[in-house]
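Just so we're on the same page: letters track the sequence lines, and every chain starts at 1.
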Amino acid sequence: MAHWLMKSEPGSYGWPDLVRDGSAEWDGVRNAAARLHLKAMRPGDEAFFYHSGDQRSVVGIMRIVRAAAPDPKDGDWVSVAVEPLRPLAPPVTLKAIKAEPRLAGLEMLRQSRLSVSPIREEEWRAILQLAETAP
DNA sequence: GCCAACGTTGGC
DNA sequence: GCCAACGTTGGC
């Protein structure tokens with residue numbers, strides 16, 4: 001099972017919206033590198049839900065429930081279907097991520113504008129640990 | 001509000 | 001095919 005990180009502006013679609021909806025089509029991605037990552041996703045993969053903008057935190061974990069299919073709004077692009085698994089309480093802030101040496105190689109730090117990025121196994125565990133040990 | 005990073009567009 | 005200009009994203 002692979003792990004991912006997916007960003008959204010909470011003002012446009014946030015974790016609470018996903019929890020309310022029960023599932024969502026993760027569409028609107030218009031970046032070639034992000035599209036490659038979407039296409040690599042398999043049902044059962046897990047992804048962090050990251051709030052960009054003011055919050056700048058990983059706020060929850062979701063599960064990929066359907067592989068990539070043509071984006072309903074534009075068939076040149078793709079979307080996957082996701083479901084919320086559980087919130088990260090407390091959220092893991094970008095600040096905490098940057099302060100953790102084990103996360104120095106994180107793709108989302110290297111390319112801050114990339115909205116869908118892969119997360120290595122060790123990195124996934126390190127972020128979960130940050131959530132558990134946060135004050 | 002500004003700026004860095006990066007993608008896209010259009011002129012040549 | 002190159003590159004300058006411009007637009008967007010996201011962090012500070």
Looking at residues 99-108 of chain A, who's got a heavy atom less than 4.0 Å off DNA chain C? none

Rounded interatomic separation in angstrom, taking CZ from A:Arg56 and C1' from C:dC12: 7 Å

Taking only residues two or more places apart in sequence, or in another chain, which ones meet A:Asp71 in a salt bridge (Lys or Arg N to Asp or Glu O under 4.0 Å)? A:Arg30

Scoring nucleotides 1-10 of chain B by protein non-hydrogen atoms under 4.0 Å (B base, S sugar-phosphate only, - none) yields ----BBS---

Restricting to side-chain hydrogen bond (donor to acceptor under 3.5 Å, both in side chains), what partner residues turn up for A:Arg120, sequence neighbours left out? A:Glu123

Kindly write out the residues that satisfy side-chain contact (heavy atoms from CB on, under 4.5 Å) with A:Ala33, not counting sequence neighbours, or none if the list is empty. A:Asn31, A:Leu114

Residues which pass side-chain contact (heavy atoms from CB on, under 4.5 Å) with A:Asp17, listed by chain and number, not counting sequence neighbours: A:Tyr13, A:Arg20

Which residues pass the ring-ring contact (aromatic ring centres under 6.0 Å, His included) test with A:Tyr50, sequence neighbours left out? none

Checking all strands, does A:Leu94 fall into the base, sugar-phosphate, or nothing category for heavy-atom contacts under 4.0 angstrom? sugar-phosphate

With a cut-off of 3.5 Å and sequence neighbours excluded, list every side-chain donor-acceptor pair involving residues 72-88 of chain A.
| residue | atom | partner | partner atom | Å |
| --- | --- | --- | --- | --- |
| A:Lys73 | NZ | A:Asp27 | OD2 | 3.3 |
| A:Asp74 | OD1 | A:Asp76 | N | 3.0 |
| A:Ser79 | OG | A:Glu25 | OE2 | 2.6 |

What contact category does A:Lys95 fall into here, base, sugar-phosphate, or nothing, at under 4.0 angstrom with non-hydrogen atoms? nothing

Would you check if A:Met6 and A:Leu38 make a side-chain contact, meaning some heavy-atom pair closer than 4.5 Å? yes

Considering only residues two or more places apart or on different chains, which pairs with a residue in residues 101-111 of chain A satisfy salt bridge (Lys or Arg N to Asp or Glu O under 4.0 Å)? A:Glu100-A:Arg102, A:Glu107-A:Arg110

